[in-house]
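Before any comments, here is the structure.
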Amino acid sequence: MLVTLVEDALAAAVAAGEVALAELPDVELERPRDPAHGDWATNVAMVAAKAAGTSPRVLADVIAARIAGHPDVAAVEVAGPGFINMRLSDAALQRLVVEVRAQGADFGRSDLGHGRRVQVEFVSANPVGPMHVGHGRWAALGDSMARVLEHAGWRVQREFYVNDSGVQMDIFAKSVAARYLQHCGREVPFEDEWYQGTYIAEIAEEICQGEGAVWSDADPAEREAHFREKAYAQVLEHLRSVLHGMGVDFDVWFSERSLHAPGPDGRSEVDVAMDRLREAGYIYEKDGATWFASTALPEYGDDKDRVLRKADGDLTYFAADIAYHMDKFARGFDRVINIWGADHHGYVARMKAACAALGHPGQLDIVIGQLVTLLRNGEIVRMSKRTGEMVTFEELLDEVGPDAARYFFLRRGTDQPLDFDIGLAKEQSSENPVYYVQYAHARICSILRRAAGLPAEADVADAAAAGTFVPMSADLSLLTDQAELTLLRKLAEFPEVVEMAADRLAPHKLTTYAEDLAASFHQFYTLCRVVSDDAAVTGARLALVDASRIVLAGVLGLLGVGAPQRM
RNA sequence: GCGCCCUUAGCUCAGCGGAUAGAGCGUCCGGCUACGAACCGGGAGGUCGCAGGUUCGAAUCCUGCAGGGCGCACCA
């Protein structure tokens, strides 16, 4: 609204002949870092001064003169090299309380996505063992990203790609079968390259308990096949339950095998995908292998062509991946987002090139998350699924809890490597920023409970939704204290923060905001007595407190972190 | 050797074209006879890795260099 206000002012000045401009520039507003510079500032005058044949300051004065006097604007001033600084009127800020409380959990929603469909694929850990700590980061990131995109008007699907075919499944099966035989008292060798983790033996033991030793004399191939499926199902269920335990649930668990399975016409999706690429002219044969001409799409930057079918006739993982992405787009998504660890960044170029070759240029976004280094008391914990020396994500969740884990993972940008010190996370759990934010929410609920005379175990959110306390009719013009206005300004930022987080696929913007908002609330609380003898002021402040509760719960919800009403 | 990412306070990190660069932790000094002190206020602490360039203006964009992480298979 302020944007159009500035645009109109400039247009009016041009129409009145005060400014000579053939073309009106785009007006952009920004929030000055220094609050002394107002709530909003625009640099149009500096941008357009040259074209207008005047100085930035003069142009700024002309525009400012036409903005002054608008009811939502309390002050306009020209500053520095030609910034136009605007301060919102108290009335404009106070209105926000009504808006937030009327919209409730919908406050901050936008239509950025226009209802388009987006798929977010993340975690996709191999179903041959427990997740490592990095998977926890992708889980938190992907789920929060999905929540943010939903809030920004996208229709989102969460997907987990299950790599349930290929060599690692064979090794997995052999490993479990061998442990099973050992458990049954047989002397069998255990190869170095098999999975060494103790969980393998645990799975074997569990199968033994369920089915006894009947498989110990079975045909080795049959035994392996049986154990592969049995153990695979168990691991997959385990992954699902650990993820569910941190509030991450997938809509689709997509099996890689389905890509290789022949369809009604006898052809698999991989076959079909390769046909599509061949028809489009991106496939050739060389040295007995089948290649994808990745370098024929130089705009994606892959430096060499890629083998899809090896000389020995086997398909590469990349071939399955292409079929997988073809399948995604066939399911009607306008946009597909993959979250990959930095150790896979070398695949980005070829995957994007392949999607373009399939006829979906620019519809694939790949978010590369830098890796998590796990430390224990300052010492690096090496993680290897093969040797089994690892701290699993599940163990981490048990130690620090889902809220702190999620918050910690989301607190920094995805292109920032993350050091996670288990000892520190445990020790500092009471000073973890997540508690700072949650405490603000609990404190709010406590105030509201007390003001409304609700029992300690009452659900404040439900009571507020039912409208049984904190009437909407408060006289908000009484909110004039600096701390109150600062808190109002912070509440007003929420929709912008959501949009930016969605636009940049950067949920960590929300943690920064959540801490700012909590700080503004705590300051307000310290300086302004909420429940007092003055009924009118009490009413206005309770309304502000309730609006703060809604927004705080909103950010925490987008982060997937709980908003406790008491701690 | 090539490619991607990173380098901001003692530590961990925000800021990603704007005006005096911020937060948390740590450190020093203060604040509960009222709604939750898991809180609040204040101090100390920075040539934004280095060098050029682009422009009204650069921590932010471009180039080069240095340091660190991760990749560079007819592996999965």
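In the text below, chain A, chain B and the rest are named by the order of the sequence lines, each starting its count at 1. Just so it is clear, the model here is predicted, and its values are computed rather than measured.
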If the condition is ring-ring contact (aromatic ring centres under 6.0 Å, His included), which residues does [X] pass it with, not counting sequence neighbours?
X: Y232(A); result: none
X: Y436(A); result: H522(A)
X: Y525(A); result: none

Who are the side chain to side chain contact (heavy atoms under 4.5 Å, CB included) partners of [X], not counting sequence neighbours?
X: A442(A); result: M567(A)
X: A458(A); result: L454(A), P455(A)
X: F420(A); result: V372(A), L374(A), L396(A), F408(A), F409(A), A425(A)

Is there any protein nitrogen or oxygen under 3.5 Å from a nitrogen or oxygen in nucleotides 18-22 of chain B, and what are the pairs?
from	atom 1	to	atom 2	distance (Å)
rG18(B)	N7	N43(A)	ND2	3.2
rG18(B)	O6	N43(A)	ND2	3.2
rA19(B)	OP1	R33(A)	NH2	3.4
rA19(B)	OP2	R33(A)	NH2	2.4
rA19(B)	N6	N85(A)	OD1	2.9
rA19(B)	N1	N85(A)	OD1	3.1
rA19(B)	N1	N85(A)	ND2	3.1

Which pairs pass salt bridge (charged side-chain N to carboxylate O under 4.0 Å, His left out) with one or both residues in residues 494-511 of chain A, sequence neighbours excluded?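 Qualifying pairs: R31(A)-E496(A).
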Show every salt bridge (charged side-chain N to carboxylate O under 4.0 Å, His left out) that has at least one partner inside residues 516-526 of chain A, sequence neighbours left out.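 Qualifying pairs: K490(A)-D516(A).
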Once base and sugar-phosphate atoms are separated, protein heavy atoms under 4.0 Å mark nucleotides 32-37 of chain B, 5' to 3', with B, S and - as --BBBS
What does the list of N/O pairs under 3.5 Å between the protein and nucleotides 4-6 of chain B look like, with a distance for each?
from	atom 1	to	atom 2	distance (Å)
rC5(B)	O2'	Q370(A)	NE2	3.4
rC5(B)	O2'	D415(A)	O	3.3
rC6(B)	OP1	D415(A)	OD2	3.4

All side-chain hydrogen bond (donor to acceptor under 3.5 Å, both in side chains) counterparts of D419(A), not counting sequence neighbours: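 Applying side-chain hydrogen bond (donor to acceptor under 3.5 Å, both in side chains) to D419(A) gives none.
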